[in-house]
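Data block below; observations after.
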Amino acid sequence: MTELTTQKEKKPVIFSGMQPSGALTLGSFTGALKNWVELQDEYDCFYCIVDLHAITTRQDPADLRRRCLEQIAQYIACGLDPAKNTLFLQSHVAAHSELAWILNCYTMFGELSRMTQFKDKSARNVDNINAGLFTYPTLMAADILLYQADLVPVGEDQRQHVELCRDIALRFNGTHGDVFTVPSAFIPKTTEGARVMSLIDPTRKMSKSEPTGGCVYLLDKPEIILKSFKRAVTDSDGEIRYDVKEKPGVSNLMSIYSVTTGRTFEQIESEFAGQGYGAFKEAVGESVVETFRPIREKAEALMQDKTYLTQVYTDAANHAARVADRTLKKVQKKMGFVAK
Ligand code: TYM
């Protein structure tokens with residue numbers, strides 16, 4: 001074991017993941033990716049591309065393969081250093097699927113039925129309400145628990161899944177002794193981008209499946225981003241003021257501007273006092289363009305270097321598998337499975 005690995009293992013552990021079911025969005029960036037970068041020096045971080053989760057909805061195989069590579073490139077382009085973080089693909093570490101099955105047997109039907117993401121996704125995919133969609137949270141629990149993660153940095157929409165993961169870990173530990181670290185969700189304040197809303201319906205989360213214009217993607221060209229912000233839905237009173245209930249569109253734009261510029265709401269309000277929404281929307285669009293520009297350029301360059309990307313995810317999968325297998329072995333022993 002190298003000195004670097006020994007030092008890494010002393011730090012508290014972080015696990016998080018993103019689905020390659022679509023391109024990464026402004027929401028994935030503010031709710032998670034931006035924070036991942038800030039945490040990389042103090043924690044031993046495992047950042048995963050959760051391709052097994054992505055197949056709970058139908059994927060075109062060629063698109064999925066391309067998006068997985070693009071996602072690794074975007075992780076690195078956002079500032080995640082592959083030498084400090086384990087950046088890997090979920091399907092490369094078999095322990096995820098194996099532990100997920102065991103955890104299915106420690107998760108109640110009622111618990112899974114109450115998950116809002118399951119309810120939302122099954123309402124949107126009435127033709128394909130598969131068992132994987134239902135047991136999605138147990139796979140997510142396996143992801144987290146395999147690495148004995150202390151913290152799980154996610155956006156607000158994933159809080160319920162992390163809570164369920166804690167309940168599963170506590171239930172398992174209650175029966176078998178302290179096998180799993182019980183993790184905590186690490187969620188930015190909602191005003192700091194924990195919940196970025198659609199630009200065309202600000203009462204709905206910005207998600208990869210948004211209709212055109214509602215969602216902004218990390219790799220979007222500047223003109224597309226500016227156009228989406230120009231058309232963002234606001235309200236009719238013309239005042240730039242933070243009030244999620246009365247002014248969801250303007251408040252969403254203020255949160256985004258606050259994340260991309262580091263300005264407080266008071267500063268934003270005085271900056272745009274007396275100006276119309278037009279100037280404000282343009283400024284928000286510009287700030288997103290400038291935040292994403294270096295990321296897009298770096299990601300595009302990295303995509304040209306497939307050898308490097310392959311090296312990154314292969315090394316990472318080897319390291320992740322070693323850590324994950326240690327936990328899986330412990331669990332299998334507790335289950336009473338005969339050792340190989
Ligand atoms: P996913 O791929 O939907 O989203 C990735 C991350 O981005 C956050 N996020 C948002 N934050 C703020 N506003 C938004 N509009 C927005 N949209 C997305 C999400 O909260 C998430 O943190 N189930 C997870 C992936 C996963 C996972 C895990 C996460 C699988 N296993 C283990 C943590 C730990 C998901 O679907 O994320």
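Start at 1 and go down the list; that is how both ligands and their atoms are numbered.
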Heavy atom of the protein closest to atom 25 (C) of ligand 1 (residue, atom name, distance): Gly17 O, 3.5 Å

Is there a heavy atom of Gly193 sitting under 4.0 angstrom from any atom of ligand 1? yes

For the residue pair Glu282 and Phe229, establish whether any side-chain heavy-atom pair is separated by less than 4.5 Å. no

Checking the N or O distance criterion of under 3.5 Å, is ligand 1 in contact with Glu156? no

Are Ala194 and ligand 1 in contact, using a heavy-atom cut-off of under 4.0 Å? yes

Atoms of ligand 1 less than 4.0 Å from Ser28 heavy atoms? 7 (O)

Check: Met140 N/O within less than 3.5 Å of ligand 1 N/O: no

Tell me if a side-chain donor or acceptor on Asn85 pairs with a main-chain N or O of Leu87 at a distance below 3.5 Å. no

Any side-chain to backbone donor/acceptor pair from Arg67 onto Pro20? Under 3.5 Å, distance only. yes

For atom 10 (C) of ligand 1, the closest protein heavy atom turns out to be Gly27 O, 3.2 Å

Check: Val152 N/O within less than 3.5 Å of ligand 1 N/O: no

Ignoring hydrogens, just give me the one of Asp157, Ile144, Ile256 whose non-hydrogen atom is nearest atom 19 (C) of ligand 1. Asp157

Does a salt bridge link Lys34 with Glu38, judged by any charged N lying under 4.0 Å from a carboxylate O? yes

Is Gln90 in contact with ligand 1, taking contact as a heavy-atom separation below 4.0 Å? no

Measuring from non-hydrogen atoms of Tyr136 to any atom of ligand 1, is the shortest distance under 4.0 Å? yes

Option of least heavy-atom distance to atom 22 (O) of ligand 1 (set: Pro153, Gly155, Ala141): Gly155

Under a 4.0 angstrom heavy-atom cut-off, which atoms of ligand 1 come close to Phe15? 32 (C), 34 (C)

Parallel, tilted or perpendicular, as decided by the 30° and 60° cut-offs, for the rings of Phe172 and Tyr106: tilted

Pair Tyr147 + His96: ring centers closer than 6.0 Å: yes

Checking the side chain of Gln40 only, and the main-chain atoms of Gly79 only, is there a donor and an acceptor separated by less than 3.5 Å? yes

Kindly confirm or rule out an N or O of Gln19 lying under 3.5 angstrom from an N or O of ligand 1. yes

Nearest heavy atoms of Ala321 and Val93, plus distance in Å: CA-CG1, 3.9 Å

Would the Phe88 and Tyr313 ring centres measure less than 6.0 Å apart? no

According to the interplanar angle, ranging from 0 to 90°, do the rings of Phe29 and Phe292 count as parallel (below 30°), tilted (30 to 60°) or perpendicular (above 60°)? perpendicular

What is the closest protein heavy atom to atom 13 (N) of ligand 1, and at what distance does it sit? Val196 N, 2.7 Å

Take atom CZ of Arg231 as the centre, draw a 6.0 Å sphere, and report whether it contains more than 12 heavy atoms from other residues, nucleotides or ligands. no

Counting heavy atoms under 4.0 Å, the part of Met197 that contacts ligand 1 is neither

Under 3.5 Å, is there a donor-acceptor pair between the side chain of Lys281 and the main chain of Ser228? no

The closest protein heavy-atom partner of atom 37 (O) of ligand 1 is Gln158 NE2, 4.0 Å

The criterion is side chain to side chain donor-acceptor pair (under 3.5 Å); which residues satisfy it with Arg58, sequence neighbours excluded? none

Geometry only, no angles: is Asp143 polar-contacting ligand 1 at N/O separations under 3.5 Å? yes

Look only at interatomic distance and state if Val154 has a nitrogen or oxygen under 3.5 Å from any nitrogen or oxygen of ligand 1. no

Within ligand 1, which atoms have a heavy atom of His53 less than 4.0 Å away? 30 (C), 31 (N)

Proximal atoms of ligand 1 relative to Gly31 (non-hydrogen, under 4.0 Å): 11 (N), 12 (C)

Please determine whether a side-chain nitrogen of the Lys or Arg among Lys227 and Glu223 lies less than 4.0 Å from a carboxylate oxygen of the Asp or Glu. no

To the nearest 0.1 Å, how far is atom 17 (N) of ligand 1 from its closest protein heavy atom, and which atom is that? Met206 O, 3.7 Å

I'd like to check which ligand 1 atoms, numbered from 1 as shown, lie under 4.0 Å from a non-hydrogen atom of Arg195. 12 (C), 13 (N)

One finds that the ligand 1 atoms under 4.0 Å from a non-hydrogen atom of Ala32 are 6 (C), 7 (O), 22 (O)

Under 3.5 Å, is there a donor-acceptor pair between the side chain of Gln160 and the main chain of Thr116? yes

Any nitrogen or oxygen of His161 lying under 3.5 Å from a nitrogen or oxygen in ligand 1? Just yes or no. no

Which of the atoms in ligand 1, numbered in the order shown and given with their element, are less than 4.0 Å from a heavy-atom of Met18? 2 (O), 5 (C)

Can you classify the ring geometry of Phe109 versus Phe134 as parallel (below 30°), tilted (30 to 60°) or perpendicular (above 60°)? tilted

Are any of the N/O atoms in Lys208 less than 3.5 Å from those in ligand 1? yes

Between Val50 and ligand 1, which residue portion shows a heavy-atom distance shorter than 4.0 Å: side chain, backbone, both, or neither? side chain

